[in-house]
Protein chains: 2
Amino acid sequence: MTVGAISIGEAARQSGVKVPTIRFYEQIGLMPAPPRSEGNRRQFDEKDLSRLSFIRHARELGFEMDDIRELLALTEQPQRSCHEADSIAARHLREIEMRIAKLQALSGELRRMVEECGHGKVCECQVIHVLADHGKCRSDTH
Amino acid sequence: MTVGAISIGEAARQSGVKVPTIRFYEQIGLMPAPPRSEGNRRQFDEKDLSRLSFIRHARELGFEMDDIRELLALTEQPQRSCHEADSIAARHLREIEMRIAKLQALSGELRRMVEECGHGKVCECQVIHVLADHGKCRSDTH
DNA sequence: TTACTTCCTCTAGCGACTATAGGAGCAAGC
DNA sequence: GCTTGCTCCTATAGTCGCTAGAGGAAGTAA
């Protein structure tokens with residue numbers, strides 16, 4: 001075996017991206033197809049590990065694949081202005097803040113629903129009634 | 001045509017659930033298969049409309065299909081204790097609150113990332129650097 | 001009759017994986 | 001050398017909750 005070549009299992013362990021997911025990323029072109037050993041095994045290097053970690057971290061932060069594709073392309077051109085990376089992140093931040101606002105409205109509605117439930121029979125249940133009738137909701141966010 | 005029968009288009013308009021989605025719900029057994037007209041068109045009634053609205057509202061509140069299935073089953077047994085409906089809603093509320101907490105940690109990280117970006121070149125960009133290195137994150141939530 | 005809309009079924013696609021089947025390669029122990 | 005057991009390979013199908021499209025039939029208004 002070539003010295004220093006990293007197997008897919010090892011790459012998975014070090015990057016935190018699962019083995020089938022790494023193959024999937026290769027398939028959709030998010031990862032380059034690595035060279036193969038004589039026995040047809042993928043041989044990754046340190047650069048691949050960095051890329052995988054970058055992808056994993058960005059996914060954990062909720063970036064979508066298209067955003068990640070763009071961000072990865074930017075890392076390959078370190079001399080360019082980071083304006084684009086910045087605006088992708090800023091846009092993503094706005095989206096997340098909107099999702100938070102929406103979820104907070106929902107959780108308020110749910111909490112009210114659960115608290116007002118008298119724990120009696122289904123036919124008197126506030127949870128069921130609110131679900132059946134949007135008019136019983138306080139917020140307009142859904 | 002039978003008087004009072006509601007077409008799928010009308011049902012969609014009144015319930016806010018799209019036509020293909022209604023058919024999809026029938027297919028997966030979330031909606032009962034309605035009777036058909038001579039020309040093979042679905043004929044819905046008021047009960048179907050309520051059920052569709054219930055589903056739509058629950059989906060908007062972020063309930064999953066399995067939860068909705070259970071909640072719908074409960075509405076059919078109005079004399080039972082609402083304990084189950086209550087616990088489904090309470091569990092869902094906890095899940096949403098966890099999602100909110102997680103998103104807030106992420107938005108904090110993103111905001112820091114964007115604010116610390118010096119708007120220079122990619123090679124100095126904080127956005128790119130943080131993504132490449134999880135160690136630069138402040139929270140452990142991801 | 002013609003034109004238009006609504007409806008029908010069936011199939012495939014989305015995103016981002018995950019799971020399964022059926023093999024082949026490889027290292028260690030006997 | 002042989003067996004055991006692990007990792008790896010490809011290819012396909014499934015997940016969730018829809019959505020889109022093809023290709024055709026039925027209903028409606030002028």
Side-chain angles (χ1 to χ4, degrees), chain A residues 1-3 5-31 33-44 48 51-72 92 95 99 106 142, chain B residues 1-3 5-31 33-44 48 51-72 92 95-96 99 142:
Chain A
M1 308 301 102
T2 314
V3 176
I6 300 161
S7 74
I8 196 168
E10 194 51 36
R13 242 161 279 136
Q14 292 196 33
S15 69
V17 180
K18 290 180 194 153
V19 169
T21 308
I22 295 176
R23 288 197 275 248
F24 169 71
Y25 286 164
E26 181 183 323
Q27 195 184 307
I28 63 170
L30 200 63
M31 287 295 293
R36 301 287 183 119
S37 73
E38 286 176 22
N40 199 32
R41 271 105 198 275
R42 289 172 180 82
Q43 295 180 308
F44 296 98
D48 296 317
R51 197 174 169 101
L52 280 171
S53 300
F54 186 103
I55 296 170
R56 190 191 133 214
H57 197 192
R59 288 292 302 140
E60 282 171 345
L61 285 168
F63 284 91
E64 289 173 15
M65 298 311 249
D66 283 350
D67 288 338
I68 296 177
R69 250 177 242 274
E70 272 193 76
L71 290 168
L72 280 169
H92 183 54
E95 277 163 20
R99 260 156 69 194
L106 296 190
H142 63 275
Chain B
M1 308 305 102
T2 314
V3 175
I6 300 160
S7 74
I8 196 167
E10 193 52 35
R13 243 161 279 136
Q14 292 197 33
S15 68
V17 180
K18 289 180 193 152
V19 170
T21 307
I22 296 176
R23 289 196 275 250
F24 169 72
Y25 286 164
E26 181 184 323
Q27 195 185 306
I28 63 169
L30 201 61
M31 288 295 294
R36 302 287 183 118
S37 73
E38 284 176 23
N40 199 32
R41 271 107 199 273
R42 290 172 178 81
Q43 294 180 309
F44 296 97
D48 295 318
R51 197 173 168 102
L52 281 171
S53 300
F54 186 103
I55 296 170
R56 189 190 135 216
H57 196 193
R59 288 291 302 140
E60 282 171 347
L61 285 168
F63 284 91
E64 289 174 15
M65 299 309 247
D66 283 350
D67 288 337
I68 296 177
R69 247 178 244 274
E70 272 193 76
L71 290 168
L72 280 169
H92 183 52
E95 276 164 20
I96 289 196
R99 261 156 68 193
H142 62 276

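Just so we're on the same page: letters track the sequence lines, and every chain starts at 1.
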* Please report, rounded to the nearest Å, how far the C1' atom of dT18(C) is from the CD1 atom of Ile28(A). => 14 Å

* Asked: Who pairs with Phe63(A) by ring pair (Phe, Tyr, Trp, His ring centres under 6.0 Å), at least two apart in sequence or on another chain?
  -> His92(A)

* Do the side-chain N or O atoms of Ser7(B) get closer than 4.0 angstrom to the phosphate oxygens (OP1, OP2) of dC7(C)? -> yes

* Just by distance, do the side chain of Arg51(B) and the backbone of Leu30(B) share a donor-acceptor pair under 3.5 Å? -> yes

* Toward the 5' end of DNA chain D, which comes first, Arg59(B) or Arg42(A), by nearest nucleotide? -> Arg42(A)

* To do: Check Val17(A), Ile22(A), Leu72(A) against Ile55(A) for a side chain to side chain contact (heavy atoms under 4.5 Å, CB included) and give me the one that passes.
  => Leu72(A)

* Structure fact -> Ile55(B) CD1 to dG17(D) P, in whole Å, measures 12 Å

* Asked: Rounded to whole angstroms, how far apart are CG on Asp66(B) and C1' on dC16(D)?
  -> 10 Å

* Measure the distance from CG on Asn40(A) to C1' on dC9(D) and round it to the nearest whole Å. => 6 Å

* Asked: Rounded to whole angstrom units, what separation is found between the CD atom of Glu60(A) and the C1' atom of dC17(C)?
  -> 15 Å

* Glu60(B) with Arg56(B): basic N within carboxylate O range, under 4.0 Å -> yes

* Grab the CD-C1' distance between Glu26(A) and dC17(C) for me, whole Å please. => 16 Å

* Asked: Quick one: does Arg42(A)'s side chain get under 4.5 Å of Arg36(A)'s, heavy atoms only?
  -> yes

* Asked: Mapping Gln27(B) and Met65(A) onto DNA chain C by nearest heavy atom, which one lands closer to the 5' end?
  -> Gln27(B)

* Asked: Which residues, if any, of residues 12-25 of chain A bring a heavy atom under 4.0 Å of DNA chain C?
  -> Lys18(A), Thr21(A), Phe24(A), Tyr25(A)

* Structure fact -> Closest non-hydrogen contact found for Phe44(A) with Ala11(A) is CD1-CB, 4.1 Å

* Asked: Can you list every pair that meets side-chain hydrogen bond (donor to acceptor under 3.5 Å, both in side chains) and has a residue in residues 14-25 of chain A, with sequence neighbours left out?
  -> Glu10(A)-Gln14(A)

* Structure fact -> Whole-Å distance, Glu38(A) CD to dA24(C) P, equals 18 Å

* Taking CG from Leu30(B) and P from dC16(D), how many angstroms apart are they, rounded to a whole number? -> 13 Å

